J.: 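Sharing a structure below in structure tokens format, with a few things to ask.
Order of the sequence lines fixes the chain letters, A, B, ..., with proteins taken first and strands second; residue numbering starts at 1 for each chain. None of these values were measured; they are calculated from a predicted model.
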Number of protein chains: 4
Amino acid sequence: MKASAMDYDVTMAARVSTIGSASAGREDTSPGLINFLMRDRHGSPFEHTSFTFLIEAPIFVAREHFRHRVGWSYNEESGRYTELKPVFYTPSPERNLVQVGKPGAYTFEPGTEYQQGLVNYVLTGAYRDAYADYESLLEKGVAKEVARMVLPVGIFTSYFATCNARSLMHFLSLRTISEGSTFPSFPQREIEMVAEQMEEIFASHMPITHAAFVRNGRVAP
Amino acid sequence: MKASAMDYDVTMAARVSTIGSASAGREDTSPGLINFLMRDRHGSPFEHTSFTFLIEAPIFVAREHFRHRVGWSYNEESGRYTELKPVFYTPSPERNLVQVGKPGAYTFEPGTEYQQGLVNYVLTGAYRDAYADYESLLEKGVAKEVARMVLPVGIFTSYFATCNARSLMHFLSLRTISEGSTFPSFPQREIEMVAEQMEEIFASHMPITHAAFVRNGRVAP
Amino acid sequence: MKASAMDYDVTMAARVSTIGSASAGREDTSPGLINFLMRDRHGSPFEHTSFTFLIEAPIFVAREHFRHRVGWSYNEESGRYTELKPVFYTPSPERNLVQVGKPGAYTFEPGTEYQQGLVNYVLTGAYRDAYADYESLLEKGVAKEVARMVLPVGIFTSYFATCNARSLMHFLSLRTISEGSTFPSFPQREIEMVAEQMEEIFASHMPITHAAFVRNGRVAP
Amino acid sequence: MKASAMDYDVTMAARVSTIGSASAGREDTSPGLINFLMRDRHGSPFEHTSFTFLIEAPIFVAREHFRHRVGWSYNEESGRYTELKPVFYTPSPERNLVQVGKPGAYTFEPGTEYQQGLVNYVLTGAYRDAYADYESLLEKGVAKEVARMVLPVGIFTSYFATCNARSLMHFLSLRTISEGSTFPSFPQREIEMVAEQMEEIFASHMPITHAAFVRNGRVAP
């Protein structure tokens with residue numbers, strides 16, 4: 001994890017609008033100014049910042065993450081050039097397993113003990129079998145990019161993701177569920193878990209910006 | 001498939017640079033001008049065009065496609081909201097299966113008859129078993145977004161992809177292999193197959209632009 | 001002006017999420033679905049559309065317009081390659097001339113008759129003198145790209161701007177003032193005049209999408 | 001000026017492709033790997049870097065700069081919210097003033113002593129008069145955003161520009177002229193002067209990447 005992101009970067013960039021190049025020398029991080037920018041959707045001052053995350057997540061999460069295009073850069077482990085490792089995702093017991101309602105308005109409820117056991121049993125077996133097939137194909141000389149076709153989307157991948165504070169807030173507004181949000185959001189729990197960790201890092205580097213984000217209904221400026 | 005893309009769009013946009021708004025009335029599609037723009041990397045005139053493709057491809061291809069961020073828009077079938085259909089990818093006999101060389105300089109060679117048979121046999125079995133697991137989980141009331149974790153990246157997905165001629169040429173330059181290219185490219189064969197179909201459509205709508213692209217070493221302007 | 005943009009493009013793209021590739025055949029334009037997408041910020045289905053505008057506006061307006069980067073393409077008349085024509089912007093009598101309040105919360109009020117006359121008189125004279133200087137320098141063989149340095153930002157330029165419905169709505173939400181908007185906006189009147197014309201074209205091509213945009217507080221999805 | 005950009009960022013991101021998350025611990029900056037990435041157009045590893053420049057330049061330069069959309073963020077001094085200062089651009093005696101050839105293939109030659117004197121004389125007078133008009137309008141209570149219409153594009157503005165190494169290289173390839181470039185470029189001298197200073201900063205922070213850029217014909221990967 002690498003970050004070049006401080007609340008000061010935001011005020012510095014914003015002040016160039018009103019006081020020109022002299023703004024570069026002012027060492028202020030006015031919470032009032034940051035809150036004003038957030039509230040009135042002056043988004044560009046938040047872009048002069050950079051966060052680089054190293055993320056390990058299942059492919060189905062990476063697929064959702066990579067849909068974020070604007071202000072995001074990615075590099076991911078390649079199933080063409082490397083042999084993927086047998087690390088797979090299985091939901092923890094707290095993960096809600098049952099979907100209720102209709103498309104666009106799903107909610108999730110805990111599964112029964114039987115459903116929890118079944119998910120665990122079926123995933124474990126399916127992952128083991130798929131990886132055995134993968135290894136068999138590799139052993140017989142089949143190219144990695146072909147052999148990997150059998151691997152399930154529950155396998156872990158790793159990737160670097162770089163973004164700025166504005167694109168990060170946009171991501172957080174869509175990929176977390178939080179009381180007090182102006183807009184609803186419907187993330188799959190697994191990407192929300194990634195987003196929560198990213199939000200902690202964001203809050204620790206840019207506490208005033210993060211507070212303004214929360215205070216203004218988690219709407220990215 | 002939908003396109004709003006003609007060679008005329010390019011010359012019209014380019015001529016605004018030199019003759020101002022009057023350019024909008026000129027109905028020319030000068031091959032010389034288009035070739036000049038391509039050669040000297042004046043890329044923006046190629047952006048006032050739009051292609052929308054409906055693509056059906058395995059997830060591992062979609063994953064590569066979605067890495068193209070600039071000038072691309074996507075909507076994809078959702079494994080959270082729909083039950084995915086049992087359609088899977090198996091390489092045809094012509095597909096080279098053996099990887100030779102080292103990272104960054106791979107080439108591919110045909111597999112033996114045994115390898116071809118094995119790939120077919122293993123993939124078919126793995127796909128069948130994974131889909132049976134998927135159906136079992138769904139039957140027992142497990143949410144689609146959880147059950148799909150067992151599904152392999154060889155399963156088909158469908159998506160709309162919209163781009164302009166400039167972003168399309170950039171895609172083609174990286175995702176096809178062609179003699180006469182200025183730069184090398186290393187696409188996986190399966191995304192190249194998608195790219196080849198897209199290139200045909202491109203060439204039919206914008207023949208002069210496509211010819212200039214080929215003539216200038218398949219470098220996107 | 002060229003557009004490849006219909007309400008149907010939106011529903012077609014949205015339905016691929018839930019019914020896969022079969023969506024391509026359905027000829028519906030459900031206002032309910034479009035309103036749902038707008039309300040819950042499912043923005044990507046609005047991107048499979050394309051509008052190309054030919055705009056004639058003063059440089060100070062073009063400068064604001066070109067700040068919109070995402071989903072926008074531009075080609076503009078060049079002051080390096082063409083001799084700019086003596087067409088300049090002067091505010092009409094209805095244009096408010098006096099700024100009241102403080103940065104971030106300005107409002108504008110009509111000028112006095114004297115102020116109106118003065119603005120007209122000073123601008124006209126300044127434009128005439130600057131253009132005479134420009135012509136003198138050109139006559140003496142000075143390069144266009146040097147001679148244009150004297151030209152004021154009130155001179156007209158022309159440019160093509162291409163965007164999709166999502167990026168257009170983002171532009172409209174920031175560059176128009178409208179009752180019923182969820183968020184405040186502070187456009188300069190001159191770019192708002194451009195935006196108003198673009199909004200008319202948008203509404204005529206995508207009436208259901210435009211209605212949903214207005215109904216949902218003019219927040220771009 | 002602020003930078004979070006090292007050659008190590010590039011190799012770290014590139015190695016995640018081949019060795020997964022373990023790459024984050026390797027402290028290497030292999031020139032061979034960086035050169036390979038540059039040569040074969042693997043551009044994404046160069047994006048996990050960030051440069052923030054504070055630039056003071058005439059408006060006609062800022063206009064060209066802001067055409068760079070992808071991977072660039074800007075905040076600029078506002079002529080709506082601040083009174084612009086009377087700082088204007090006049091070419092130095094070394095600046096070539098005469099344009100020879102035709103559009104697309106211009107070259108520039110020094111002006112005569114008379115032309116040099118004339119440019120200096122006319123610009124100085126035009127700038128002084130325009131600024132006097134600007135001040136008159138402000139004095140009489142006319143809004144800044146209206147008064148500024150008289151100001152010439154030769155007036156200085158200041159802005160923050162943030163980019164990553166990949167978008168910076170793309171900028172440099174178009175906005176500098178250099179022997180050994182694979183592609184021709186035609187920047188106006190004034191933006192090239194800005195680009196040259198940016199290139200020095202780039203080279204000092206990422207010497208291996210910069211060397212690979214030069215060695216590979218100044219083509220952005």
J.: Is it true that atom CD of C:Gln197 has more than 12 heavy atoms of other residues, nucleotides or ligands lying nearer than 6.0 Å?
T.: no
J.: Does a sphere of radius 6.0 Å around CD in C:Glu200 hold more than 12 heavy atoms from other residues, nucleotides or ligands, not counting ones at 6.0 Å or beyond?
T.: no
J.: Let me know if C:Phe51 has heavy atoms under 4.5 Å from chain B in its side chain, its backbone, both or neither.
T.: neither
J.: Would you say NZ of B:Lys144 has more than 12 non-hydrogen atoms from neighbouring residues, nucleotides or ligands within 6.0 angstrom?
T.: yes
J.: Could you grab the distance from atom CG of C:Asp9 to atom OG1 of B:Thr162, nearest 0.5 Å is fine?
T.: 8.0 Å
J.: Looking only at non-hydrogen atoms, find the nearest pair between C:Tyr81 and B:Thr18 and report the distance.
T.: CB-CG2, 4.0 Å
J.: What part of C:Ser44 lies closer than 4.5 angstrom to a heavy atom of chain B: side chain, backbone, both or neither?
T.: both
J.: Is it the backbone or the side chain of C:Glu56 that comes under 4.5 Å from a heavy atom of chain B, or both, or neither?
T.: side chain
J.: May I ask you to name which of C:Ser78, C:Ala3, C:Ala14, C:Gly79 has the most heavy-atom pairs under 4.5 Å with chain B?
T.: C:Ser78
J.: For the side chain to side chain donor-acceptor pair (under 3.5 Å) test, which of C:His42, C:Glu47, C:His48 pairs with B:Asn75?
T.: C:His48
J.: On a heavy-atom basis, which atom in B:Ser73 and which in C:Asn164 lie closest, and how many Å separate them?
T.: OG-ND2, 4.4 Å
